[in-house]
Structure formats: structure tokens, C-alpha cells
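Here is the naming used below: chain letters follow the sequence lines, and residue numbers restart at 1 for every chain.
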Amino acid sequence: MTTDVLIIGGGLMGFSTALQLAMRGRRCVVLDKDSPGRHASGVNAGGLRTLNRHPAEIPLAVNAARMWQDIESLVDSDCDTLFPGQIRVAENAEDMQVLEERAAMIHALGFDHEEIIDRDELYKLVPALAPHCEGGLICRSDGYGRPFHALDAFRRKAYSIGVDYHASARVDAIEHKNDEWRVSTPKGEFRAPVLVNCAGAWAGRVAAALDEPVPVKPGAPMLMITERLPRFIEPVIGAAGRKLSFKQMQNGTLMIGGAHMAELNFEHQTSDMNWAKLAVSARSVMALFPQLENVRIVRTWAGIEAFMPDNLPVISRSSTSPNAYHAFGFSAHGFQLSPVVGKIMSQLILDGKSTLPVGAFSISRF
Amino acid sequence: MKDHYPLVIIGAGPAGLAAAVIAAEHGLDVALLDEQPAPGGQIYRAMESIPAERAELLGTEYQRGRKLVSALRDSSVDYFPDTQVWSLNHKREIGLLHDKTPRMITADQVLLAGGAMERPVPFPGWTLPGVMNAGAGQILFKAHGIVPSDGVVLAGSGPLLLLLAWQYLHAGVKMKAVLDLTPMHNHLRALPHLPRALLVHHYLAKGLVYKKDLKQAGSSTLHNVSDLRAEGNEGIASISYRHKGQQHSIETDLLLVHFGVIPHTHLARAAGCRHDWDRSQQCWRPQLDNWGNSSIDGILIAGDSARIGGARTAEHAGRLAAIQSLHALGLIHQRDRNRLAKKDRKWMREELHIRPFLDAFFHIPGKLLSVPDDDTIVCRCEEVTAGDIREAVADGHHDSNQIKFLTRCGMGPCQGRQCAESVAHIVAAAGGDDVALGGHYRGRPPVTPLTLGQLASLSPEEVE
């Protein structure tokens with residue numbers, strides 16, 4: 001079948017791109033090797049974080065944050081978002097200095113979303129925190145959502161304005177002939193003048209087919225969830241000196257992440273938990289919230305994400321092929337960026353340039 | 001406990017006990033892990049501590065377990081009761097909790113002998129306090145001599161229902177009703193399998209004796225019952241059902257239900273063993289060769305966690321798997337393995353003659369499994385109803401995992417043990433697909449809950 005834009009990858013980036021293109025009148029087909037949001041999009045930690053972003057990502061994240069605040073107007077669902085703020089906690093003077101330097105740098109860049117808070121303010125916001133902390137860096141408008149619900153909302157909205165989706169349509173071959181992309185899948189051949197690569201951890205294969213190999217690597221960061229607890233904390237907590245992300249979800253469960261990697265078998269799309277590393281996460285939680293010692297962990301998992309060597313995504317036109325575009329490699333922090341990435345991609349495709357700076361995300365940096 | 005064993009067996013029921021003993025007899029260093037405080041599994045629970053009188057009431061099949069348990073005590077098996085296994089992977093790394101302390105051990109061969117669980121079948125009111133599984137009723141009786149004091153209604157379909165009714169009869173329990181939900185047409189379904197079942201007629205004879213005893217005692221069973229509901233506010237106050245076209249109701253504060261048993265597959269799934277949908281037993285079961293080898297090298301499965309075959313079959317299958325492990329570890333030659341296996345293989349084949357008949361006779365109607373009433377809760381942990389699931393299916397989600405993501409069904413502390421099968425049936429019925437196509441929840445360890453404090457105490461040396 002023939003369409004205007006072919007998008008490979010039915011995750012959030014793919015559907016967000018399809019949605020924005022469809023809103024501007026283009027016909028899109030999204031191809032997926034599995035089912036919608038099967039990997040990173042469906043099973044990530046759901047953080048909506050502008051805090052502590054790489055400077056190159058800040059303009060995008062700030063823009064995305066505004067879109068999330070009003071996400072219902074875009075996708076007819078609030079995606080279960082809450083905005084209680086995110087805090088990076090300083091546990092000692094050294095941590096505090098790191099955070100202060102960070103805040104100074106952000107202000108020098110002309111942004112004001114990150115703010116230093118002192119000890120008193122920290123304990124006012126997080127009374128449950130262990131008593132040794134010194135202060136923190138906060139973004140008060142940050143928060144979190146539920147990834148699979150967000151994916152579902154983006155997908156539904158995209159369908160409602162004509163986007164077509166094919167599950168179990170693994171890309172077997174890509175050809176460019178007579179100004180047209182031809183993509184063969186078990187679900188048939190699809191043709192369009194424009195091709196977009198949103199294939200996440202599998203995006204390297206698509207890029208290779210366009211003769212522009214990229215050093216994208218799959219990884220499976222581990223997450224764990226506890227039983228439900230009475231609400232005792234509002235903001236999302238990270239720590240300056242630890243790999244930790246900690247939040248109490250809407251239903252009372254605790255979601256604990258720390259970017260510790262599972263042992264991934266990429267071919268089989270399975271992973272083994274690394275319990276020794278998860279134990280490090282558990283010890284981090286114990287250090288900040290010792291009262292949680294007897295709380296039961298009910299579930300752990302590790303979704304497959306795409307990591308770049310510099311932890312920055314690729315948001316770019318192809319450097320080798322006409323009318324081909326990439327959006328992948330979000331290195332486990334793409335959820336928050338997804339609404340704005342769709343917008344940027346639609347601008348790159350339809351206007352030739354984006355209103356936001358994306359130079360740092362060019363595929364030709366490798 | 002050592003950090004490594006050539007063979008680790010998980011589960012000390014008939015399969016695990018028989019396997020451990022024969023492996024130890026051949027000089028193998030074997031660890032037997034079991035979550036119960038004493039050996040015997042569910043079927044031979046409390047075998048060592050039970051008063052003689054109660055053992056008598058439980059019948060001769062129960063008393064068979066004594067030999068197995070005492071063989072374990074006489075063996076060199078490293079036996080660890082009160083031990084929960086919370087993780088197993090394809091590298092045969094076992095995460096366990098022993099003496100409340102978590103640790104990881106490894107094994108060259110792992111034999112899973114976790115037995116069966118009662119098939120959860122949601123029906124209106126099944127989550128009310130006072131509705132319990134018949135198996136739970138039997139456990140209370142075996143382990144503590146506890147029986148219902150104010151009368152009880154038994155309902156469902158399966159051999160255990162009849163057995164429990166018979167045991168209660170002899171224990172003097174007042175049974176307000178025994179409601180058999182097996183549909184009449186199952187007789188026809190089972191008929192072709194009768195000749196083979198007659199080869200082991202002692203099972204059929206036993207069933208007939210139970211029935212006769214119940215009838216003589218005036219405690220007759222109502223057959224072909226449907227539309228079972230439990231009713232009440234805080235707890236169950238009454239039940240209602242349909243029989244011969246009439247609606248009936250009985251006041252009771254206890255209802256014990258049973259809808260057959262299905263294999264415990266959680267550890268096998270955690271390890272990544274492949275499973276198939278078994279149409280005749282209406283459950284998922286692991287892919288195994290005839291020695292019990294799973295799809296993962298070095299992981300074997302025997303007993304009811306492999307396929308429902310009953311206690312005697314489990315014993316034979318356990319021995320066969322242990323013999324295979326001895327061979328895989330290079331301790332016995334293939335020739336000796338085959339010779340050693342001969343008797344168990346023959347006995348097991350004989351035991352299995354009864355299964356096709358039982359599977360057909362106690363086939364649970366698809367309508368019951370796919371939870372027809374929209375308001376019935378399917379996932380007790382997250383309170384997700386059958387209607388919620390059907391809505392998700394109508395929205396285009398034809399896969400158990402997507403339904404889980406969307407509705408939270410199966411995301412609670414029980415890890416989907418109670419709802420996985422129901423979701424698969426609802427998806428299949430609503431979408432017109434085969435149950436197998438909807439898939440099964442992907443395993444999310446820990447298989448049994450672990451506290452943050454326990455996990456924090458695992459391998460204290462810093463990683464990275």
C-alpha cells in the first residue's frame with residue numbers, strides 16, 4: 001500500500017510523529033514488529049523530568065513540559081499525569097556543591113526551571129526523608145505519567161485522525177526507488193515518499209539499511225515496584241550521589257529505578273534481573289527511607305531501551321538518503337520528550353527545519 | 001547450605017521426595033528446597049505430625065506418603081524446609097529465602113517439583129470472605145484438624161470435591177449441600193476414554209465408594225448445577241444456584257469451591273521455559289521431553305507442575321527426572337539410565353490410563369472459565385472485573401500482557417496467579433481466538449514477594 005509517510009516503530013515517538021503529521025493533513029502508516037509500546041514506550045518509569053537534563057535537551061524538555069501540562073488537549077486523555085515536582089537530594093556538602101554548580105549553570109543558560117532548596121524546604125516537601133540530607137535541586141513543575149496509558153492515548157488519537165497501524169509488521173527490507181521508499185514486511189509491502197525511523201533499540205538496523213551505521217546499543221534498565229502503601233511522599237526523588245529514581249505512584253505503590261542494567265538477550269528480547277545490582281537500588285532506598293525496610297517488592301522488570309554513547313538522542317534528517325528521518329536513542333529518558341519530538345519531526349519533514357534547536361542530535365555526529 | 005549443588009530440587013511433594021531420595025542413593029550431593037515446614041507437599045501434608053485417627057480419615061492414598069517421607073529422613077539429602085524460592089533464571093541461579101535471609105545459589109541441574117494449584121474460577125461473589133478453595137479446607141483439616149463447625153456448602157467440579165465431601169462426612173462435618181457443577185454432557189465427552197480408564201479400575205471403584213458412602217449418609221450430591229453465586233455484604237451470607245430449571249438458595253457462612261487443579265508454572269516461566277496450552281487439561285504446561293527436560297538446558301520439571309497426573313504419577317516422574325539428571329551429570333551411563341527408568345516408566349504409563357477419562361469427565365465448561373458476569377472481579381489484587389477486561393478486548397487488545405498494562409489486571413502481589421487463566425479465557429471468548437493465542441503474562445520476578453530490606457541485604461559487596 002502507498003501512503004505519505006511510513007514510520008517504523010509503534011512506540012511513543014512513532015505515534016507522536018504520526019499524530020503531528022496527521023494533524024497537518026498527511027497520511028501516515030506506522031509499522032511495528034510487535035505490538036504497540038511493547039518495549040521502552042510501554043514499560044519505562046514514566047518520569048516527566050526536565051530536572052538535570054543535558055543542556056542540549058533543555059529547550060526540548062521545557063517545551064515538552066508545557067505540552068504535558070495540557071496533554072489532554074492534544075490526545076484527549078491526561079495520561080494519568082501528576083506534577084508534584086522532582087527533587088535531586090544532596091546527602092552531604094559535596095552533593096550540595098554539585099547541585100549548586102548545576103543550578104548556576106542552568107541560570108547562566110537563561111533557564112529558571114531548576115531551583116536550589118535548603119534543608120528546611122526539603123523536609124517540608126519530603127518529611128519522610130531520612131534526617132541526614134542537606135538540601136536539594138528541584139523542578140517544581142516536573143512529575144510523572146503512566147507510560148502505557150500515554151502510549152494508548154497517543155495511539156487512539158492518531159487513529160482517530162486517520163493514522164494507520166500494522167502490528168507484527170517486522171521490517172525485512174528497505175529500498176529506495178523512483179523517489180519512493182519501499183518497505184517489505186510479513187504484512188506486505190508499504191510505499192511512501194517519506195520514511196521515519198522511530199525503531200528504538202532496533203533503530204540501528206534501519207539506519208544501517210540506509211547506509212548510515214550508528215553506535216546505538218540496546219540496554220535494559222531494571223525497575224521494581226512494591227506493594228501499595230498509604231501515601232507518604234509526593235515529589236519524585238533522585239539523589240545527587242546515587243543512581244536512584246523513587247516515586248510513589250497514584251495507587252500507592254513505589255516505583256524504584258536506578259539505571260542499573262539487567263542482563264539482556266537482545267535476540268530473544270528477554271532479560272535476566274541482576275539481583276546484586278537491584279540490591280544496590282534497595283540499599284539506596286534504605287539509606288534515604290529506612291522506614292521502608294519491610295515493604296514487599298512485588299515485581300521487577302527491564303524494558304529494552306536504545307542507548308547512545310553520549311546519552312543524547314538522534315533527532316535528525318538522514319545524512320545519506322533523501323526524505324528519510326530519525327528519532328531514536330533516547331537513552332532511557334525519552335518519555336518526557338515524546339510530545340515535542342513528534343512536533344519536531346513533523347516540522348523537519350514538512351517545513352525543512354524545526355523551531356527548536358536540534359543540531360546536537362544530528363545523526364552525522366557519529 | 002552450600003553456594004552450589006549438582007542438583008537442586010524445588011518442592012518436597014511426591015515428585016521432589018522420590019527424586020531427591022534416588023539421586024542421593026546414587027551418591028549425588030542434592031539439595032531439596034521446600035516452602036513448607038515439613039516434607040510431603042500438599043497431598044501428604046503434615047505426614048509426620050498427624051494423629052493416627054486423622055490420617056485414617058484421610059484415607060489410604062494419603063497414608064502412602066509415609067514411605068516417601070521416611071525415605072527422605074533416612075537419606076543424605078540436604079533438605080531445607082521453610083525456604084522460598086523467589087527467582088530462577090536460565091543460568092540456574094536460584095534466589096531463595098532461608099531463615100529469612102536471602103541468598104543466591106547455583107546448580108548444574110534444577111528439578112522443579114512445585115506441584116499444582118487449584119484452578120481459580122471467578123464467579124459472582126467469589127471474593128467474599130467465607131468463600132474458600134476446597135484445597136484450603138483440606139489443608140486446614142490435614143495440618144490442624146480444623147473442620148467447619150457450622151456447616152458448609154461444597155461446590156464445583158473435580159475429584160477433590162468428592163474426596164473432601166467424603167473426608168468431611170467421616171469427620172462428622174455437617175454438609176448443607178454438595179453442588180456438582182460438572183455439566184451432564186461431560187459423561188458423553190468422557191465415555192470414549194472409559195475403556196482405558198477401566199485398566200486402572202481401582203480409581204473408579206474408589207470414586208464410586210465415596211459416592212455410595214455419601215448417599216448412604218443422606219448427604220446427596222446435586223448434579224448438573226449451574227449459575228453459582230455467593231451473596232452477602234461483609235461476608236458470605238448465602239449462596240444461590242440453578243438446578244433442574246429452578247433457582248435455589250441456601251444460607252451459609254462458608255462455601256468451599258473446587259474447579260480442578262492446574263500446574264504451578266511460575267518458576268518455570270521465570271526461568272523462561274516454553275509452555276503450551278493443553279486443551280484437554282485446560283491449562284498451560286511446560287514443554288518437556290519424556291525425561292522431564294524443559295526447553296532450558298539443565299532445568300527439569302516433574303509431577304503435577306509438569307502436567308496433572310496425581311501423586312503416584314508424580315512419584316514416578318520425579319524418579320525419572322532424577323535418573324536423567326544423574327545421567328546428565330555423567331554419573332550413570334545412558335544404558336543404566338534407561339534400565340533404571342524401566343519400572344517407573346511402566347508404572348507411570350499405567351497410572352496415566354485414568355487421566356483422559358478424568359480430564360474429559362471434569363472438563364470445566366468454557367462459559368464458566370470466561371467469566372460471563374461483567375461485574376465479577378477477575379483480579380482480586382487490583383480489583384479488575386471481567387467487564388473491564390472485555391472492554392479492553394473490545395478496544396483492540398488481544399494479548400494478555402497488553403490487557404495487564406492497560407487494566408493492571410495481574411499486577412498485584414499475587415503476580416497474576418489468580419487471574420492469568422481467566423484473562424486468557426476471556427480474551428479467547430471475546431475475540432473468538434484460541435486461548436493459546438492470547439499468550440500468558442510475562443513473568444516479573446520475584447516469584448514470591450521479597451522485602452526491600454531483604455533485597456538490600458543480598459550480596460553486600462558494592463557492585464560497580
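Under the 4.5 Å side-chain criterion, counting only non-hydrogen atoms from C-beta, A:L19 is not in contact with A:V163.
Of the listed residues (A:T300, A:L292, A:V298, A:D152), the greatest number of heavy-atom pairs within a distance under 4.5 Å of chain B belongs to A:T300. Note on A:R146, A:H268, A:M273: by heavy-atom pairs under 4.5 Å with chain B, the leading option is A:R146.
Interface residue A:S35: backbone and side-chain heavy atoms are both found under 4.5 Å from chain B. Residue A:P147: no heavy atom, backbone or side chain, is found under 4.5 Å from chain B. Looking at B:E382, the atoms closer than 4.5 Å to chain A (heavy atoms on both sides) sit in the backbone and in the side chain alike. Contact annotation for A:I256: only side-chain heavy atoms (C-beta onward) come within less than 4.5 Å of a heavy atom of chain B. B:Q402 touches chain A through backbone and side chain together, each having a heavy atom under 4.5 Å away. Looking at B:M411, the atoms closer than 4.5 Å to chain A (heavy atoms on both sides) sit in the backbone and in the side chain alike. Heavy-atom distances place the side chain of A:V285, and not its backbone, under 4.5 Å from chain B.
Remark: B:N89 CG to A:N274 CG distance equals 10.0 Å, nearest 0.5 Å.
Of all residues in residues 218-239 of chain A, those placing a non-hydrogen atom less than 4.5 angstrom from a non-hydrogen atom of chain B are A:M224, A:T226, A:R228.
Pairs engaging residues 376-418 of chain B under the ring pair (Phe, Tyr, Trp, His ring centres under 6.0 Å) rule: A:F148-B:F405 [sequence neighbours left out]. Screening residues 392-402 of chain B for salt bridge (charged side-chain N to carboxylate O under 4.0 Å, His left out), with sequence neighbours left out, gives A:R156-B:D395.
Residues satisfying the salt bridge (Lys or Arg N to Asp or Glu O under 4.0 Å) test with B:R285, not counting sequence neighbours, are B:D278.
With a 6.0 Å cutoff to the six-membered ring centre and a 45° limit on the axis angle, A:R170 does not count as a cation-pi contact of A:W202. For the pair A:K217 and A:F307, the cation-pi criterion (under 6.0 Å, within 45° of the ring axis) is not fulfilled.
Side-chain rings of B:H440 and B:W277 stay apart, their centers remaining 6.0 Å or farther from each other. Checked against the 6.0 Å centroid threshold, A:F335 and A:F330 do not count as a close aromatic pair.
In this structure, B:E383 does not pair ionically with B:R408, as no charged nitrogen and carboxylate oxygen lie closer than 4.0 Å.
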